[in-house]
Amino acid sequence: MNHIASNPARSDIERRARRRAGAKMGWYIHAFVYVLVNLGLVTLSAAHGRSWAMYPLMGWGLGLLIHGAVVWFVAGGGFYDRLVERERRALGAGDRG
């Protein structure tokens, strides 16, 4: 018997855990592709005696940084959970009064 499906709270935790793990895995894939592509661009740039590779490196790096901030600190981290819990308490306090 599937114990996760029989307990709604546990299935909610399982769903959230899978979503957060998926978001973190997405960031790892993004970072891996960033490193591979930019190594190629830096190699290509250096082979032609130029330094243009720093521009895509910095631009994409900013995107990777923002993606990481969202995954690790907002949606996938404790910050989002604290905001949700604060809203639950606020809504719960309003129901009692």
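The shown structure was predicted, so the numbers you read here are calculated from the model rather than taken from an experiment.
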Which atom pairs, donor and acceptor, lie under 3.5 Å between side-chain atoms of residues 35-52 and protein residues at least two apart or in another chain?
residue: Asn38; atom: ND2; partner: Tyr34; partner atom: O; Å: 2.9
residue: Thr43; atom: OG1; partner: Leu39; partner atom: O; Å: 2.8
residue: Ser45; atom: OG; partner: Arg50; partner atom: O; Å: 2.7
residue: Ser45; atom: OG; partner: Trp52; partner atom: N; Å: 3.4
residue: His48; atom: ND1; partner: Leu44; partner atom: O; Å: 3.0

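- Linking Ile, Leu, Val, Met, Phe, Trp and Tyr whenever their side-chain heavy atoms come within less than 4.5 Å leaves Tyr55 and Trp60 in two separate clusters.
- Under the rule for a side chain to side chain donor-acceptor pair (under 3.5 Å), the partners of His67 that lie at least two apart in sequence or sit in another chain are His30.
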